Amino acid sequence: MLKLLKLEYYKNLNYTPFKVFTIMYFVILIVFLLIGLVDITILGSSLNLKEQGMYNFPEIWNFTTWIVGLIKIFLGFIIVFSICQEFSNRMFKQNLIDGLSREEFIGSKLITIGTFTIISTIIVFVITLFLGLQYSKTTETALIYEEMFFIGSYFLKLFTFFCFLMFLSILLRKSMFVFLAFFVIWVAENIFMAVEKSFSRGLPAEAKVEKLQNTFMFYNIFPLESMSNIIPNPILRLQMAKFFGLKYEFIYPIDSLIACFVWCAIFIIGSYWILKKRDW
């Protein structure tokens with residue numbers, strides 16, 4: 001494992017986009033984690049998420065993991081560029097000639113993906129815990145640990161997303177085609193979601209919400225949607241507390257959770273299968 005990690009390090013050491021996007025990602029990640037401490041002006045209105053309770057335990061775990069999840073594409077750039085440049089520079093073929101197996105190639109990419117995911121998750125965990133202890137209105141032990149599972153969801157979401165980009169990169173080999181395919185899949189998922197939700201149109205609001213919550217929806221197990229579902233939008237908590245005086249309770253989407261694990265396996269196995277079958 002250490003050998004493969006060193007190999008990836010030396011491959012990307014002099015690759016400028018790799019260094020630029022790595023630095024950019026971790027700087028933006030820290031900025032996003034701290035964004036709730038300042039006033040945000042939206043349509044002329046000032047909003048301070050700290051005053052709204054987003055830095056309170058246990059809500060802070062949902063807020064930070066969701067907000068930094070929005071910038072995962074920056075780290076995705078690193079994964080895509082580092083893989084695609086191996087094919088464009090014929091580095092992959094040379095590695096095969098030098099004795100690197102396809103299993104080791106996939107393993108090296110998974111180690112890189114896992115390393116970035118672990119480092120990002122640790123940073124989010126440490127800063128979230130610090131901000132919560134510093135700014136939360138209550139620091140009861142039970143509340144601190146109540147929704148810490150969102151850290152695990154963040155790890156799974158990030159790892160699944162990077163495996164998805166690895167699969168597209170190995171399949172298409174050109175970064176431009178990878179991002180185009182990503183956009184097409186995102187649009188297709190949203191169209192399918194809109195069509196499936198349209199069957200609830202015309203129902204009363206309460207019946208519509210109940211149907212969407214209790215009825216199995218196929219779009220929930222699509223790759224991008226399943227990743228999104230395991231960390232819900234925390235703004236919903238603010239709206240429910242402000243307008244309805246209700247306590248928000250997160251019901252874990254087991255179908256989306258299982259889908260993420262299945263998609264991880266599909267992307268990894270699919271990547272290996274392409275490398276084995278394609279004539280390089």
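Computed from a predicted model, the values in this text were never measured in an experiment.
- The cluster map of Ile, Leu, Val, Met, Phe, Trp and Tyr, joined by side-chain heavy atoms under 4.5 Å apart, puts Ile269 and Ile111 in different clusters.
- Separating the CE atom in Met166 from the NZ atom in Lys109 is a distance of 10.0 Å, to the nearest 0.5 Å.
- The ring pair (Phe, Tyr, Trp, His ring centres under 6.0 Å) search around Phe161 returns Phe182, not counting sequence neighbours.
- When the side chains of ILVMFWY residues are joined at heavy-atom separations under 4.5 Å, either directly or via intervening members, Met176 and Val80 end up in a single hydrophobic cluster.
- Val262 pairs by the side-chain contact (heavy atoms from CB on, under 4.5 Å) definition with Ile258, Ile266, not counting sequence neighbours.
- Atom OG of Ser108 and atom CD1 of Ile83 lie 8.5 Å apart (nearest 0.5 Å).
- With hydrogens and angles disregarded, a donor-acceptor distance shorter than 3.5 Å links the side chain of Trp263 to the backbone of Ile221.
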Would you mind writing out the side-chain donor-acceptor pairs for residues 21-32 within the sub-3.5 Å range, not counting sequence neighbours?
from	atom 1	to	atom 2	distance (Å)
Thr22	OG1	Phe18	O	2.6
Tyr25	OH	Ser120	OG	2.7
Tyr25	OH	Tyr154	OH	3.1

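- The backbone N or O of Lys137 lies less than 3.5 Å from a partner atom in the side chain of Asn56, making a donor-acceptor pair.
- At a threshold of 4.5 Å between side-chain heavy atoms, the hydrophobic network of Ile, Leu, Val, Met, Phe, Trp and Tyr places Leu70 and Phe74 in one connected group.
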Under the side chain to side chain contact (heavy atoms under 4.5 Å, CB included) criterion, do Phe57 and Leu129 qualify, and how do the steps go? CA-CA 9 Å; Phe57 286 119; Leu129 187 62; 4.3 Å; yes
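- Leu171 pairs by the side-chain contact (heavy atoms from CB on, under 4.5 Å) definition with Phe167, Ile274, Arg278, not counting sequence neighbours.
- In terms of hydrophobic clustering, with Ile, Leu, Val, Met, Phe, Trp and Tyr side chains grouped at heavy-atom distances under 4.5 Å, Ile254 and Ile231 are assigned to a common cluster.
- Inter-residue side-chain proximity for Thr65 and Ser153 is flagged as unmet; no heavy-atom pair is nearer than 4.5 Å.
- Leu165 places none of its side-chain heavy atoms less than 4.5 Å from the side chain of Ile113.
- Rounding to the nearest 0.5 Å gives a distance of 11.0 Å between CD1 of Ile73 and CD1 of Ile78.
- Between Phe87 and Phe105, the ring-plane angle classifies as tilted under the 30° and 60° cut-offs.
- Among all heavy-atom pairs drawn from Pro253 and Ile230, the shortest one is CG-CA, 4.2 Å.
- To the nearest 0.5 Å, atoms CD1 (Ile127) and CD1 (Ile123) are separated by 6.5 Å.
- By the ring pair (Phe, Tyr, Trp, His ring centres under 6.0 Å) test, Tyr272 is found to be paired with no residue, residues two or more places apart in sequence or in another chain being considered.
- The structure places CG of Leu180 at 10.0 Å from CD1 of Ile185, a figure rounded to the nearest 0.5 Å.
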For a ring-ring contact (aromatic ring centres under 6.0 Å, His included) check, start with the C-alpha distance between Phe63 and Phe150, then their side-chain angles and the critical distance, and finish with the verdict. CA-CA 9 Å; Phe63 169 68; Phe150 277 117; over 10 Å; no
Take Phe222 and Trp186, measure what ring-ring contact (aromatic ring centres under 6.0 Å, His included) needs, and give me the verdict at the end. CA-CA 10 Å; Phe222 288 169; Trp186 177 76; over 10 Å; no
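- With sequence neighbours left out, Thr128 forms a side chain to side chain donor-acceptor pair (under 3.5 Å) with Thr64.
- In the hydrophobic cluster analysis, where Ile, Leu, Val, Met, Phe, Trp and Tyr join through side-chain heavy atoms closer than 4.5 angstrom, Tyr219 is grouped apart from Val184.
- Residues meeting the ring pair (Phe, Tyr, Trp, His ring centres under 6.0 Å) test with Phe164, sequence neighbours left out: Phe267.
- No side-chain heavy atom of Ser88 sits less than 4.5 Å from a side-chain heavy atom of Phe81.
- Checked against side-chain contact (heavy atoms from CB on, under 4.5 Å), Phe177 has the following partners two or more places apart in sequence or in another chain: Leu172, Lys174.
- Among residues two or more places apart in sequence or in another chain, the side-chain contact (heavy atoms from CB on, under 4.5 Å) test is passed with Glu104 by Lys3, Leu4, Leu100, Ser101.
- No donor-acceptor pair closer than 3.5 Å links the side chain of Trp66 to the backbone N or O of Ser228.
- Put simply, the side chain of Thr139 never gets that close to the backbone of Leu133: no donor and acceptor are under 3.5 Å apart.
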Evaluate side chain to side chain contact (heavy atoms under 4.5 Å, CB included) for Phe261 paired with Thr160, printing each intermediate quantity in order. CA-CA 8 Å; Phe261 283 108; Thr160 306; over 6 Å; no
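- Applying the side chain to side chain donor-acceptor pair (under 3.5 Å) rule to Asn190 yields no partners; only residues at least two apart in sequence or on another chain are considered.
- Atom SG of residue Cys260 and atom NZ of residue Lys157 lie 9.0 Å apart, to the nearest 0.5 angstrom.
- Between Phe77 and Phe179, the closest side-chain pair of non-hydrogen atoms falls below 4.5 Å.
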